[in-house]
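What follows is a single structure, written as structure tokens, with notes after it.
By convention here, the first residue in the shown sequence is residue 1.
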Amino acid sequence: MFDFTVFPILKTDRLILREMQLKDTDAIFAIRGDYEVTQYNIGTAYTSKSQASDLISAMQDEYAKKSALRWGITRKNDDTVIGMVGFNYWNRSDHRASIGFDLAQAHWRQGFMREAVTAILQFGFSEMGLHRIEADASIYNTASIALLESLGFVREGVQRDQYYEDEQYHDLVLMALLKPQWHH
């Protein structure tokens, strides 16, 4: 069972998922500073590099507290972070966790996020002992919803007016995948 003593490095055919470090600040700022990438996220696009370094530090702190586990996505031939994927929380008593992900626009529609999410789902079910993995997505984020559905996630409902941003409320689709339905 995964116990947070050593940060896990995950490898796929084309990717390496690794711990993010402050050296990744510019890459994270490029991703999170792009409105097209963040338009469906809670929180607006970043306007300063300090927001990116703060995010990396927060992810490191959450890992140290054993509450979250998030990876930087890199290609095997290039250590530059092109996205992020991971477990935003882990409820051990319920064997449940929630995933989230972002990918730089230049790498969209190439199968990278499918590869990365598949790797963390496998890790979650086999190494973390998860029974349920959740995700939520803006009702307008059709690409993320389609990806999750293609991996076996089921829509469980809509969280109406789940968060307030840009002077309006936003709905999120709650989706989940149970271990018995995981076929990879």
Side-chain angles (χ1 to χ4, degrees), residues 2 7-63 67-90 97-125 127-128 130 133-138 140-153 165 172-173 175 177 184:
F2 176 67
F7 193 95
I9 297 172
L10 307 181
K11 296 180 181 180
T12 69
D13 289 342
R14 301 179 295 164
L15 304 173
I16 296 175
L17 279 57
R18 63 161 176 82
E19 183 175 16
M20 284 187 281
Q21 302 166 345
L22 287 177
K23 70 175 185 166
D24 301 315
T25 297
D26 288 345
I28 298 304
F29 178 66
I31 296 165
R32 286 285 179 103
D34 181 346
Y35 173 79
E36 294 296 316
V37 173
T38 63
Q39 67 178 323
Y40 300 123
N41 289 3
I42 296 172
T44 58
Y46 288 179
T47 56
S48 72
K49 287 185 183 180
S50 65
Q51 291 171 291
S53 61
D54 289 348
L55 175 64
I56 294 167
S57 295
M59 289 178 178
Q60 291 172 335
D61 290 345
E62 290 169 345
Y63 179 82
S67 63
L69 173 60
R70 293 186 260 182
W71 291 267
I73 302 169
T74 66
R75 290 169 292 165
K76 280 192 172 174
N77 62 349
D78 183 353
D79 191 48
T80 303
V81 171
I82 63 169
M84 296 170 280
V85 64
F87 295 98
N88 298 323
Y89 70 79
W90 179 8
S98 176
I99 63 168
F101 45 85
D102 291 308
L103 188 66
Q105 194 174 164
H107 302 285
W108 288 359
R109 292 179 282 285
Q110 298 174 45
F112 289 127
M113 192 52 73
R114 175 187 247 317
E115 215 170 297
V117 172
T118 298
I120 72 160
L121 293 175
Q122 183 61 43
F123 183 85
F125 288 129
E127 303 300 319
M128 296 168 66
L130 296 175
I133 298 176
E134 301 170 347
D136 54 39
S138 165
Y140 303 111
N141 192 343
T142 55
S144 289
I145 292 169
L147 170 65
L148 292 165
E149 288 178 333
S150 75
L151 291 169
F153 280 76
E165 186 175 276
L172 293 178
V173 175
M175 305 180 75
L177 176 64
H184 287 273

Item checked: Residues which pass ring pair (Phe, Tyr, Trp, His ring centres under 6.0 Å) with F29, listed by chain and number, not counting sequence neighbours -> none
Check: Can you name the residues that form a side-chain contact (heavy atoms from CB on, under 4.5 Å) with A116, not counting sequence neighbours?
Finding: L15, L17, I73, V85, M113
Next item on the list: Could you tell me which residues satisfy salt bridge (charged side-chain N to carboxylate O under 4.0 Å, His left out) with E149, sequence neighbours excluded, listed by chain and number?
Entry: R155
Checklist line | Student check: side-chain heavy atoms of K76 and D13 closer than 4.5 Å | finding: no
Checklist line | CG-CD1 distance between L177 and I133, expressed to the nearest 0.5 angstrom | finding: 6.0 Å
Item checked: side-chain contact (heavy atoms from CB on, under 4.5 Å) involving T47 - partner list, sequence neighbours excluded -> Q51
Note to self: If I compare all heavy atoms of S53 with all of S50, which pair ends up nearest, and what's the gap?
What the structure shows: OG-O, 3.0 Å
Check: Between F153 and I99, is any pair of side-chain heavy atoms under 4.5 Å apart?
Finding: yes
Margin query: Going by the rule ring pair (Phe, Tyr, Trp, His ring centres under 6.0 Å), which residues pair with Y140 if we only count those two or more places apart in sequence or in a different chain?
Written below: none
Item checked: Partners meeting ring pair (Phe, Tyr, Trp, His ring centres under 6.0 Å) with F112 (sequence neighbours left out) -> H107
Next item on the list: Might you point out which heavy atoms bring A68 and N88 nearest each other, and give the distance in Å?
Entry: CB-O, 3.7 Å
Next item on the list: Report yes if the side chains of Q110 and I82 come closer than 4.5 Å at any heavy-atom pair, otherwise no.
Entry: no
Notebook entry, point to check: D26: what forms a side-chain contact (heavy atoms from CB on, under 4.5 Å) with it, not counting sequence neighbours?
Noted result: K49
Check: Quick one: salt bridge (charged side-chain N to carboxylate O under 4.0 Å, His left out) partners of E62, sequence neighbours excluded?
Finding: R70
Checklist line | Separation between CE of M20 and CH2 of W71, rounded to the nearest 0.5 Å | finding: 10.5 Å
Item checked: side-chain contact (heavy atoms from CB on, under 4.5 Å) partners for F2, two or more places apart -> F4, P8, Y63, L69, W90, F123, E127, M128
Notebook entry, point to check: For the side-chain contact (heavy atoms from CB on, under 4.5 Å) test, which of L55, I56, D61 pairs with M59?
Noted result: L55
Item checked: Residue pair Y89, E134: steps toward the side-chain contact (heavy atoms from CB on, under 4.5 Å) verdict -> CA-CA 10 Å; Y89 70 79; E134 301 170 347; 2.4 Å; yes
Notebook entry, point to check: Between CD1 of I16 and CD1 of I9, what distance do you get to the nearest 0.5 Å?
Noted result: 7.5 Å
Check: For K11, what residues pass the salt bridge (charged side-chain N to carboxylate O under 4.0 Å, His left out) criterion, not counting sequence neighbours?
Finding: none
Item checked: S144 versus A137, closest heavy-atom pair with distance -> CB-CB, 4.5 Å
Note to self: What's the separation between atom CE in M175 and atom CD1 in I145, rounded to the nearest 0.5 Å?
What the structure shows: 6.5 Å
Next item on the list: Taking salt bridge (charged side-chain N to carboxylate O under 4.0 Å, His left out) as the test, write out the residues that go with D78, two or more places apart.
Entry: R75
Check: Checking T25 side chain against A52 main chain: does a donor-acceptor pair fall under 3.5 Å?
Finding: no
Check: How far apart are the C-alpha atoms of I31 and L103, what are their side-chain angles, what is the distance that settles it, and do they pass the side-chain contact (heavy atoms from CB on, under 4.5 Å) test?
Finding: CA-CA 7 Å; I31 296 165; L103 188 66; over 6 Å; no
Item checked: Euclidean distance, F101 CZ relative to L147 CG, rounded to 0.5 Å -> 5.0 Å
Margin query: Nearest 0.5 Å, please: how far is CG in D102 from CZ in R32?
Written below: 4.0 Å
Next item on the list: For T12, check side-chain hydrogen bond (donor to acceptor under 3.5 Å, both in side chains) against everything at least two apart and list the hits.
Entry: E115
Note to self: What verdict does the side-chain contact (heavy atoms from CB on, under 4.5 Å) test give for D79 and K23, after you've listed the backbone C-alpha separation in whole Å, the side-chain angles of each residue and the deciding distance to 0.1 Å?
What the structure shows: CA-CA 11 Å; D79 191 48; K23 70 175 185 166; 3.0 Å; yes
